[in-house]
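The figures here come from the full heavy-atom set of this structure, side chains too, leaving out hydrogens, waters and symmetry mates.
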Amino acid sequence: MELSKNFIPGEVETKWYQHWIDQGYFHSVPNDKPAYTVVIPPPNVTGVLHMGHCLNNTIQDILVRRARMQGMNPCWVPGTDHASIATEAKVVAMLRERGIAKSSLSREEFLSYAWEWKEKYGGIILQQLRKMGCSLDWERTSFTMDPDYYETVIKVFIDLYKKGKIYRGKRMINWDVKAKTALSDEEVIHKEVNGKMYHIRYKLDLPGEEFITIATVRPETIFGDTAICVHPKDPRYTHLVGKHAFVPMINRRIPIIADDYIEIEFGTGALKVTPAHDINDFQLGQKHGLEVIDTMNDDGTMNDAAPMYIGKDRIEVRKIIAKDLEASGNLVKIEDYVNQVGFSERTDAIVEPRLSLQWWVDMKQLAAPALEKVMSDEIHFHPAKFKNVYRHWMENIKDWCISRQLWWGHRIPAWYDQEGNVYVEASLEKVHASFPETVGKALYQDADCLDTWFSSWLWPIEVFKGMSNPNNAEINYYYPTSTLVTAPEIIFFWVARMIMAGEEYMGKIPFKDVYFTGIVRDKQGRKMSKSLGNSPDLLGLIDQYGADAVRFGIMIASPAGNDLLFDESTLEQGRNFNSKLWNATKLLKMWEPRQSNEGPIPEDATFAMDWFQAKLSATQLEVDEMLKTFRLSEALKTIYGLIWDDYCSWYLEWIKPGFEQPIHAKVFEKSIAFYDDLLQLLHPFMPFITEEIHHMLKTQTQDLCVQELAPIGKVDESVLHAGVLLKNVISTLRDARNKNQIKPKDAIDVHIQSENNAAYQTIQNILAKQVNAKTVAYTNAPIGSSIVVALEKDKFYLVSDQAIDTVGLKVNLLKDLAHQKGFLESVEKKLANEKFVQNAKPEVIAIEQKKKADALARIQTIEESLAQLG
RNA sequence: GGGAGCAUAGCUCAGUUGGUUUAGAGCAUCUCGUUUACACCGAGAGGGUCCGCGGUUCGAGCCCGUGUGCUCCCA
């Protein structure tokens, strides 16, 4: 069979993915094997695959495929999140394009559009995950608004309400003026913005023309001012405390109060207090019993509290009012000022602090056990540094605002009567049943939906119907899940809350390990974003390089716990690795028909096989340890080196028969077996090409995907050391050839001067092949007119037809000598230090003494070689 | 303002309880090479006052203090 020049991924990927699905390899049912459960962080139902998903899901797939090979019963559950704000925003935008305003639709009409849209576009992302090779159990695909999931969310709301952990209250919330909804603190992104600081003077209610000047970045909110506050010890203002001033333009009279919250140095030292529009002012207002005047509508425009600007957007008003204040003589000055402004994560609108009646979860009690589980390492965080972040947040936890003024989501199960009484039940019928006094009354349901995360926090439980069908066989088998792989950005949104829900509703942690991936950034370290246009098209990259290469590229550049600087060159490296694997296959296939059973296995081939076996076992152990500790990138690097360097560059060259010569059948079979082991080791990282080659090597009884790992063999350390020696000799002699400009084609004669010839005899054929030597001989005395090379205590004389560059040789030897002498000196100094000899452990001293002996021997060898050069 | 983390080769990173040859890998760079697996390749080389300063120790990339720079989280 003639193989194509290079590996062509496209067809192979489609073929194997379909085959794996057809065989049902990814579908899990409870059995007597240990479960390895992973629930996907559900992407937004409207989402498309980006680099972050690629990293995150590649990692999950590696863990899941590895578990499958380890004989566990892996179950990786796919699904999507209804993502209320993001999805509703997309549907609104879609409707607007069709000329339909959301406000013209009833709730039911809007939701039918939303569902239609979800059915059409939702889940594209799940298709894309197949392209990457993810071994998800598609029969378990879940959605946070599936009927039983929906009921569960409602049930949890009612339960927490009845336990007194959910309440309704008027609080300052973050208001998204574009989406017209409340946001949780976590949904607000603070950015530095270049703004202005306006100094505005307020006329005092005193005889004469006296003023007090305040500094603010938000002059448009002056209509909501209900006090001016100064520091009680600020000598500039003490005489004014208790007096009054007038708000410019509307001339409303407000008190001047004192509070040590004020920073004397900041601005003018006098603060305008606007309780309706600033969280700190609100608290100050509460403390001092100030009035709250809301000056804005829910879309961010001014209301009738700001009579001259009604209906104008607050940002626009900021510019206009500056001019108007100037005209009225109240504007003292404007300075440039950089401040932090909150933006909505979803709509990027500037968030307005707003006083509003919302639903809240009391977090204090929920947080305590969830904190403990992580601090005690019952749940392991990888990397552990995130424990600090988690603790800090949990210890300062604030109540969770869970109502959103949206239609797409789980509608809050609360009904109100005309008197404003609240009845919380799953349906109107149940309200009537539980509260007979409501029968016959006009009740209306809360119009709001719940925060998306109020459903996501039940994900590891409800994908197995753990709430809607408690104690079913699946939840009992799969829960707690094994590993959660997610971004550190959602540690509070999601991870912390899942732990709380797990404790509250299952009495158990939801997962044992949490692996936090890095954030994917571009080469310059910038976050990937639509606006920067630095987010590559993932499917395009898969087409270009192949899914395996993309997986390789993203994993090799992804150190545990660090951000990943995405650079297409690592994908190239992945593609090159594909080629390497492909070419090694070609070589083996070329040898296949040349097998021979005649005679014993050559001694050098035996050595090569023993050595690679030892190397393979040693590396398998290493990789095992790395994967256990989630050092995936390191594991991949190690496997990469094992295949490319040890197997291809060394092993295959060592056993390679001469031109058109036969290969011993036993050696061939062993080489195929080694290669298959390597493919298996690599499979979780690069599933497609490994499965393909696995089947090319020979007729297989089993797919690689489900092949269990064989126990790891014993590591023969002495063979390993012999291999290191051989490699060193080869490299050293090749270097000498290079430095002396001996052409690769010119064969040389090698004479070895060693006290241990036996060590070289088994490997001399390999040595000859690798350094292109006609002969390898042993000697007790220097060989004239040769190139001398020293390695440890042994000397090698290379005889060639080429002229010898004795000058160059000498330079190198002298350099080496200087290095060795310097080293010897440092060792001797250490050994001469009495305190060292007294305090250091005996092993350490022994090592130092060996270092000294080795260095002395080496110096002697070099000096002899130099003497011979004359 | 509060908290956390990071600083090792041009780049991205390893470096496990302080001692395992005066620091390792991959990529990039340079030199040589088209010898039937592979130029998406092979062989080889160069490249680092381990951020500065101070301390503990017989001994510090690793521990302590301090300074500087960067990143993230919270307000």
Using the [atom1] atom as the reference point in each nucleotide, state the distance between [N] and [M] in Å, no decimals.
N	M	atom1	result
B/rU29	B/rC73	P	35 Å
B/rU66	B/rG47	C1'	32 Å
B/rG18	B/rA60	C1'	6 Å
B/rC40	B/rU17	P	43 Å
B/rC74	B/rC27	C1'	37 Å
B/rG61	B/rC51	C1'	12 Å
B/rU49	B/rA37	C1'	46 Å
B/rG15	B/rG24	C1'	7 Å

Inset, instruction - Mind listing the residues from residues 830-845 of chain A sitting with a heavy atom below 4.0 Å of RNA chain B? Number order is fine. - result: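 Only A/Asn833, A/Lys835, A/Phe836, A/Asn839, A/Ala840, A/Val844 qualify.
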Please tabulate, one pair per line, all N/O donor-acceptor pairs under 3.5 Å involving side-chain atoms of residues 828-835 of chain A, not counting sequence neighbours.
from     : atom 1 : to       : atom 2 : distance (Å)
A/Asn833 : OD1    : A/Lys835 : N      : 2.9
A/Asn833 : OD1    : A/Phe836 : N      : 3.3

What is the distance, to the nearest angstrom, from the [atom1] atom on [X] to the [atom2] atom on [N]?
X	N	atom1	atom2	value
A/Lys852	B/rU21	NZ	P	18 Å
A/Lys387	B/rC73	NZ	C1'	18 Å
A/Ile742	B/rG44	CD1	C1'	14 Å
A/Lys851	B/rG59	NZ	P	16 Å
A/Glu848	B/rU20	CD	P	7 Å
A/Glu489	B/rC74	CD	C1'	15 Å
A/Asp278	B/rA75	CG	P	13 Å
A/Ile556	B/rA25	CD1	P	15 Å

Inset, instruction - Hey, can you tell me if A/Phe492 and A/Trp393 have their rings parallel, tilted or perpendicular (30° and 60° cut-offs)? - result: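 Rings of A/Phe492 and A/Trp393: parallel, under 30°.
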Less than 4.0 angstrom from a charged side-chain N to a carboxylate O is my criterion; do [X] and [Y] meet it?
X	Y	value
A/Glu848	A/Lys851	yes
A/Asp646	A/Lys727	yes
A/Arg858	A/Asp816	yes
A/Lys364	A/Asp399	no

[X] and [Y]: side chain donor to acceptor below 3.5 Å:
X	Y	result
A/Tyr651	A/Ser671	yes
A/Tyr545	A/Glu568	yes
A/Arg631	A/Thr629	yes
A/His231	A/Asp259	no

Flag the pair [X] / [Y] as yes when their ring centroid distance falls below 6.0 Å, and as no otherwise.
X	Y	value
A/His382	A/Tyr515	no
A/Phe552	A/Phe685	no
A/Tyr390	A/Phe386	no
A/Tyr647	A/Phe674	no
A/Phe668	A/Trp591	no

Mind checking [X] for me? I need base, sugar-phosphate or nothing, with any heavy atom below 4.0 Å counting as a touch.
X	result
A/Lys398	sugar-phosphate
A/Arg575	base
A/Asn396	nothing

Inset, instruction - Specify the residue among A/Asn280 and A/Ala557 whose closest nucleotide of RNA chain B lies further upstream toward the 5′ end. - result: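 Nearest-nucleotide comparison on RNA chain B picks A/Ala557.
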Legend entry - OP1 or OP2 of B/rA43 under 4.0 Å from side-chain N/O of A/Ser731: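 For B/rA43, neither OP1 nor OP2 has a side-chain N or O of A/Ser731 closer than 4.0 Å.
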Legend entry - Side-chain N or O of A/Tyr640 closer than 4.0 Å to phosphate OP1/OP2 of B/rC27: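 Yes.
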Inset, instruction - Convert the base pairs of RNA chain B into dot-bracket notation, remembering that pairs crossing earlier ones are written with [ ] and that bases paired across to another strand are shown as |; include only Watson-Crick or G-U pairs under 3.5 Å. - result: (((((((..((((.....[....)))).(((((.......))))).....(((((..]....)))))))))))).
Inset, instruction - Quick one, give me the B/S/- string for nucleotides 3-11 of chain B, reading 5' to 3', where B means a protein heavy atom under 4.0 Å from the base and S means that only happens at the primed atoms, P, OP1 or OP2. - result: SSS------
Inset, instruction - Encode nucleotides 33-39 of chain B as B, S and - characters from 5' to 3', where the letter depends on protein heavy atoms closer than 4.0 Å: B to the base, S only to sugar-phosphate, - to neither. - result: ---BBBS
Legend entry - Which residues share a side chain to side chain contact (heavy atoms under 4.5 Å, CB included) with A/Thr619, sequence neighbours left out: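 For A/Thr619, the residues satisfying side chain to side chain contact (heavy atoms under 4.5 Å, CB included) (neighbours in sequence not counted) are A/Lys615, A/Val623, A/Thr638, A/Leu642.
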Inset, instruction - Could you please name the option among B/rA14, B/rG26, B/rU21 that lies closest to any side-chain atom of A/Phe823? - result: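 The answer is B/rU21, which lies nearest to the side chain.
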Inset, instruction - For the side chain of A/Arg521, starting at C-beta, report the closest nucleotide among B/rG26, B/rC72, B/rU22. - result: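 Nearest listed nucleotide: B/rC72.
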